[in-house]
Asker: 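I have a structure here, written as C-alpha cells, and I will follow up with some questions on it.
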Amino acid sequence: MLTLQIILDVWQRHLITMRTIEHLHMFSIALVLSILIGILVGVFIYMRPKTAEPVLNFLNIVETIPDLALIVLLLPILKLGAGPTIAACVLYSILPIARNTYTGLRGVDDQYTYVANAIGLSPRETLFKVRIPMSLPLIAGGIRIALVFCMGIVTLGGLVAAGGLGTVLQNGIQLYQKDAILVAGIWTGILAVFLDGFAGMIEKKLQERYGTW
Amino acid sequence: MVQNMQTKRLFERIDSIKLKGVTKKYDSVYAVKDLDLEIYGGELLILIGPSGSGKTTTLRMINRMIEQDSGSVTINDIDTKDVDPVRLRRNIGYVIQNIGLFPHMTIGENIGLVPKIEGWNKKEIKYKVKELLAFVSLSPDMFMDRYPKQLSGGQQQRVGLARAMAMDPPLFLMDEPFGALDPILRKQLQKEFLKVKSEINRTIVFVTHDIEEALILGDRIAIMDQAELVQVGAPEELIFNPANEMVADIVDNQRKFKHMDTLKVKDLMSQYDDEYTFEASMKSFDAIEEMTKRDLENAFVFDGHELLGQITMVNLMKCRLSDKRIMDVAGPVKVFHPYDSVAFALSELKRSGETLGLVINSKRPVGILVSDEVLLKLI
Amino acid sequence: MVGLDIILNATWDHIILVYTTLLISIIVSIPLAFVSLYSQKLEFIVMKFVNLVQAVPSFAVVAIMVPLIGIGFKPAVVAIMLRALLPIVKNTYIGLKNVDPALIDYAEGVGLSQWHINRYIRLPNAYPAMFAGIKFAGILANSIAVLTAFIGSGGLGEIIFQGLIGYNTSTLLAGAIPAIMLAILIDRTFTILERKVTPGYGHIKG
C-alpha cells in the first residue's frame, strides 16, 4: 500500500518535481508548435483545396505509425534528447488540428461569408474576421485531441533519454521499484486527465461564445 | 457626425445609376435579359416580381456581387467594372432578409466592423455605433454589448440596418429586408423605415415580392417578369395605367382597392393573439425583455379585462424608467369595432398619427388593425 | 545486423499479441455496449471511464501493470485491452443507439422480440461505427504492443529496445519498420472491412 511517507520518499528520490517540469516543458513546446503548424496547414489546405486530400491522407498514414516507432525513425536525424520526442508529438498532432481547422473554415455558413462579401470585406478580412473566429470551437476540439497525443508521446520520451516523467517510469520498471512506478504512473495519469479536462472547459466556453445558434 | 476619410470615397452622393443592356445568363437560361433601367439619385426604387424574375440578380449586379455577361452598370457615369469591388461595396449599404449578423461579434462589433477595418479609432467607432443604434430606436447602452442571438427578429433587423449605415453610404441595396418578419411587425418596421428614409435622404434600391410593401415604400416601382423589365413608374401610375394584364394583376391582386367603400375593419385586421396582452402591474424593464422574447414592437396593457392603453418598444426604451409599472407609461390607443368601415378607421389612425389600433368586440380584443399607407393614398 | 529469423519471429509474436488482445477486446466490448444501452447508470460510468482513460498516456498504463500484475505476456494484454476496449465500446454503443426510433417501434409493433431487434436491426446498424472503432483499436493495439516489450511481452518492441541500448540505427529500424508496416496493413484491411459493412459504400449487408 502507498503511504504518504512512501509517496514523499519516491517523489524526492526520483526527482519527480524536476521531472514534471521537464515533462511540461517538452509538452508545452510540442503543443505550441503543433498548434502553430496545425493551423497553418489547415488554412493552407483550405486556401488550396486541391492539396487537401493528399495532405490529409499523408497525415492519416503518419497517424497509424506506432508512436515509439515514429520516435525511433526520427532518432538518426535528430539524435537522442528531447528533439525526436517533440518532433513526433508535432507530426502526430498536425492531423487533428489541421483537419478540424480545415473542416471549420469550410463549414462556416454561406450566409455569413455572403454578408461579409456584400459589406465589402476582402477575402483576407473575411478569413480573419469571420471564418477563423467562427471555426474556433472546432479548432479547439482539434487542439484538445493534440494535447492528449502530446501528453502520451512526451511520456515515451523517457525511453529515448528526453527526460520527463517517462524517465521515472522507465527507471521504476528497470529497477523493479513498484512504488516508484505507481507514484509516477498515477501522477502522470492525473496530470493528463487534468489538462484534458481543462482543455475541455475551454472548448465548451468557446462553443458558447462562438458557436452558431 | 464623425466623418472619417481614411479611404477616399468613390462617390459622395448618387446622381444616377444606369443599367444599359445588362444581361446575365446561367447556362442557357436568362436571369436578366437586356435590361435598361435608370435609378435617380435620392429615390427609393422598388424591384418587384415573382421569384426567378431577375430582381435579386439585378440588385446584386449593382455592387458586383454578380457580374453581368454583357451591358454596363454605371454609377454617376463611372463604370462599376473599373472600380475595385471591395471599395465599391464599402460605399454601398447592404441589407438582406436573413440579416446575417455575425454571431461571434457583439452588436457593437457587428456595426463597427467596417469602420474598424477602415482604421477608425475606438472612440470614433463607439460614438458612431451609439448614434446609429439610437437612430434605429435601440437603446445603445442596453444593446451594444449583446450578442445577436439575444435579440428579437425585429431588433436584429434594426441592427442590420444600422450596420449598413455605418459608413454613411450614399446608396443602399436592400434585399427583402422585412421578408422574414411576421405581418404586424413588418408593417411596423416599414412605417419606421419611411421615417428613416426621409431623414437619411439616400438613394435606395429595394427588392421585394410584396406589392403592398412596394406601394407603401416605393417612389417608383420596377416590375420584372421572366428576366425582363415589364414596367417602371410611380405607384399611382402602375395602379391606374398598368402596361399589361400581368402588371394589373400584380398591383391589384388584393382586389381591395376596388371595394374600398364596402370594406370593414374585420376584413383588414390581423387576428389578435394573447401574446400582445401585458399585465398592468408588470415593470417596464421586464416588459422590454418579454417583448424581445416574443418578438413584439407593440403590446396592449390590460388590468384584468380592462384596456389601459398600449406600450411600444421604442417608447419603453426611450423613457427607460425601468422600475415603473407599464400601466404608468402606457399611451392611448385607438379602439375600433369589427364592423367599423375601413375608411373611417384608417383616417382616424392617420389623424392621431398612430400605426395601429385595437379591434374590440364585446369587451374582448379580437384583432389588430394596422394603418395602411396605400389605402390611405386612395381614400 | 539483426537476423531475418529474429525479425520474423518478433513480427509473429507481435501479431499474436495484437490480435489476441483485439479479439478479447471485441468479445468484451460488444456485451458492454449492449448493457450500456439498457442501463443509464452503466452508460454514464462506461462513457466517463472511456473518456478518462483515453487521456492517460499509454506508457503510464503499461508501467502500472508491473506493480499490479507483473511482467510478461499477460500484463501486456491487459494494458493494451484497457486502451483498445474503449474505442470499440464507445463506437458500438453510439451505433446501437443511433437507430431510428420509428424503426424500433415498427419492429416491436410487428412482434419482433428484443433479441431479434438487437440482432437484426440494432447490430447491423452499428456495424460501420463498430468497425471504425475496431480499426482504431487495432492501430492503437499495434502501437502499444511496441511499448509492452518493455515489460517483457516480446514482439517488435524488443528489437527496438535492443537497438536503443547500444543506439544501433539498423537494429532500431529492424524493429520499427515492420511495426509500421503492420500498422499500415491493419489500417488498410480494416478500412476495406469498414466499407463493406457501410450501406451505400459498395456491398450492402443486411
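Keep in mind that the numbers below use all heavy atoms, side chains included, and drop hydrogens, waters and symmetry copies. Bear in mind that the values here come from a model prediction, so they are computed numbers and not experimental data.
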Asker: Check whether C:F161 gets within reach of chain A through its side chain, its backbone, both or neither, counting any heavy atom under 4.5 Å.
Answerer: side chain
Asker: Would you please say whether a donor-acceptor pair under 3.5 Å links the side chains of A:T64 and C:D187?
Answerer: no
Asker: Among A:T188, A:L165, A:D67, A:L159, single out the residue with the greatest number of heavy-atom pairs under 4.5 Å to chain C.
Answerer: A:L159
Asker: If we define contacts as heavy-atom pairs under 4.5 Å, which of A:V148, A:I181, A:D196 has the most with chain C?
Answerer: A:I181
Asker: Measure distances from A:F149 to the heavy atoms of chain C and classify the residue's part below 4.5 Å as side chain, backbone, both or neither.
Answerer: neither
Asker: Calculate, to the nearest 0.5 Å, the distance between atoms CG and CD1 belonging to A:L68 and C:I160 respectively.
Answerer: 5.0 Å
Asker: Let's test your reading of the structure: which of A:V154, A:I173, A:L182 forms the most heavy-atom pairs below 4.5 Å with chain C?
Answerer: A:I173
Asker: Can you tell me if C:Q40 has over 12 outside heavy atoms packed within less than 6.0 Å of its CD?
Answerer: no
Asker: Chain C: which of A:L191, A:I190, A:T155 shares the most heavy-atom pairs with it under 4.5 Å?
Answerer: A:T155
Asker: Just verifying a value: how many Å separate A:L70 CG and C:I180 CD1, rounded to the nearest 0.5 Å?
Answerer: 7.0 Å
Asker: May I ask you to name which of A:M151, A:E63, A:Q170, A:Q177 has the most heavy-atom pairs under 4.5 Å with chain C?
Answerer: A:Q170
Asker: Taking every heavy-atom pair that is under 4.5 Å apart, which of C:G157, C:A55, C:G175 has the most such pairs with chain A?
Answerer: C:A55
Asker: Around atom CG of A:D110, are there more than 12 heavy atoms from other residues, nucleotides or ligands closer than 6.0 Å?
Answerer: no
Asker: Roughly how far apart are A:L73 CG and C:L172 CG, rounded to 0.5 Å?
Answerer: 9.0 Å
Asker: Measure across C:A176 and A:V72 and return the closest heavy-atom pair with its distance rounded to 0.1 Å.
Answerer: CB-CG1, 4.0 Å
Asker: Which pair of non-hydrogen atoms, one from C:I64 and one from A:G185, has the smallest distance, and what is that distance?
Answerer: CD1-C, 3.7 Å
Asker: Just wondering, more than 12 heavy atoms not from A:R13 lying within 6.0 Å of its CZ?
Answerer: yes
Asker: Rounded to the nearest 0.5 Å, how far does OH of C:Y167 lie from CG of A:L75?
Answerer: 5.0 Å
Asker: Are more than 12 heavy atoms from other residues, nucleotides or ligands located less than 6.0 Å from atom OH of A:Y176?
Answerer: yes
